[in-house]
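Below is one structure, written out as structure tokens; comments come after it.
For clarity, every value in this text was computed on a predicted model and none was experimentally measured.
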Amino acid sequence: VQLQASGGGLVQPGGSLRLSCTFSRSPFNIDTVAWYRQAPGKQREVVADIKSDGSTTYLDSVKGRFAISSDSAKNTLFLQMNSLKPEDTASYYCNTLPPKYFWGRGTLVTVSS
């Protein structure tokens, strides 16, 4: 399964971005799927996940600001990010939770004025 994340960019604090990640084969009816991020010099962490029943879990620091969703017909995972903060700066990746597939290229989000 190949993963391709997109939608990152440079945004000012308080701004919004919507990330997308396409899976070459849909995992959504079987696996929990997640967005991860890795900031420079830090370990990769789970930002949000969505389970096969549609329930979601968020990292405490993004609760109320980020929303994860999926479109199983398009094999695509989304992350709507609002009220972005400089500490959200990182490369963002998608994968199952726990990760089963090669990570592929992430998408860089830079929050800076």
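- The two residues Ile68 and Ala48 come nearest to each other via the heavy atoms CD1-O, 3.6 Å.
- Taking hydrophobic clusters as Ile, Leu, Val, Met, Phe, Trp and Tyr residues chained together by side-chain heavy-atom distances below 4.5 Å, Val62 shares a cluster with Leu17.
- Considering only heavy atoms from C-beta on, Thr32 stays 4.5 Å or farther from Ile50 through its side chain.
- Contact record, Thr107 with Gly8: OG1-N, 2.9 Å, taken as the closest heavy-atom pair.
- Two residues are said to be in side-chain contact when any heavy atoms from C-beta on lie closer than 4.5 Å; Ser112 and Leu10 meet this criterion.
- Of all heavy-atom pairs spanning Leu108 and Ala90, the tightest one is CD1-O, 3.6 Å.
- In this view, Glu45 and Arg37 satisfy the salt bridge (Lys or Arg N to Asp or Glu O under 4.0 Å) rule, not counting sequence neighbours.
- Between Met81 and Val109 the shortest side-chain heavy-atom distance falls below 4.5 Å.
- Residues Val47 and Tyr92 have side chains in contact (heavy-atom distance under 4.5 Å, counting atoms from C-beta outward).
- In this structure a side-chain-to-backbone donor-acceptor pair under 3.5 Å is missing from Ser16 to Asn82.
- The salt bridge (Lys or Arg N to Asp or Glu O under 4.0 Å) search around Asp31 returns Lys100, not counting sequence neighbours.
- The side-chain heavy atoms of Val46 and Thr57, taken from C-beta on, include no pair separated by under 4.5 Å.
- Residues in residues 38-70 take part in no ring-ring contact (aromatic ring centres under 6.0 Å, His included) pair, two or more places apart or across chains.
- The side-chain heavy atoms of Val11 and Thr110, taken from C-beta on, include no pair separated by under 4.5 Å.
- For the atom pair Ser20 OG and Phe78 CZ, the distance stands at 5.0 Å (nearest 0.5 Å).
- Taking a 6.0 Å sphere around CD of Gln2, one finds it holds 12 or fewer heavy atoms contributed by other residues, nucleotides or ligands.
- In Lys51, the NZ atom is crowded: over 12 heavy atoms of neighbouring residues, nucleotides or ligands sit closer than 6.0 Å.
- Here Tyr36 and Trp103 bring their ring centres to under 6.0 angstrom of each other.
- Evaluation of the salt bridge (Lys or Arg N to Asp or Glu O under 4.0 Å) rule for Lys63 yields Asp60 as partners, not counting sequence neighbours.
- When the salt bridge (Lys or Arg N to Asp or Glu O under 4.0 Å) test is applied to Lys85, no partner is found at least two apart in sequence or on another chain.
- With contacts defined as side-chain heavy-atom distances shorter than 4.5 Å, the pair Trp35/Leu19 qualifies.
- The two residues Pro13 and Ser113 come nearest to each other via the heavy atoms CD-N, 3.7 Å.
- Here the side chain of Thr96 pairs a donor or acceptor atom with the backbone of Pro98 at under 3.5 angstrom.
- Across all their heavy atoms, Gln38 and Arg44 have their closest contact at OE1-NH2, 3.4 Å.
- Checking side-chain atoms of Arg65 against main-chain N and O of Ser83 turns up a donor-acceptor pair under 3.5 Å.
- Applying the disulfide (SG to SG under 2.5 Å) rule to pairs touching residues 12-75 yields Cys21-Cys94, sequence neighbours excluded.
- Atom CD in Gln80 sits 8.5 Å away from atom OG in Ser69 (nearest 0.5 Å).
- The shortest non-hydrogen separation linking Tyr101 to Asn95 is O-ND2, 2.8 Å.
- Of the N and O atoms on the side chains of Asp71 and Thr76, not one donor lies less than 3.5 Å from an acceptor on the other residue.
- Side chain of Thr89 to backbone of Val111: a donor-acceptor contact under 3.5 angstrom is found.
- Linking ILVMFWY side-chain heavy atoms closer than 4.5 Å, directly or via other members, places Val33 and Tyr93 in two distinct hydrophobic clusters.
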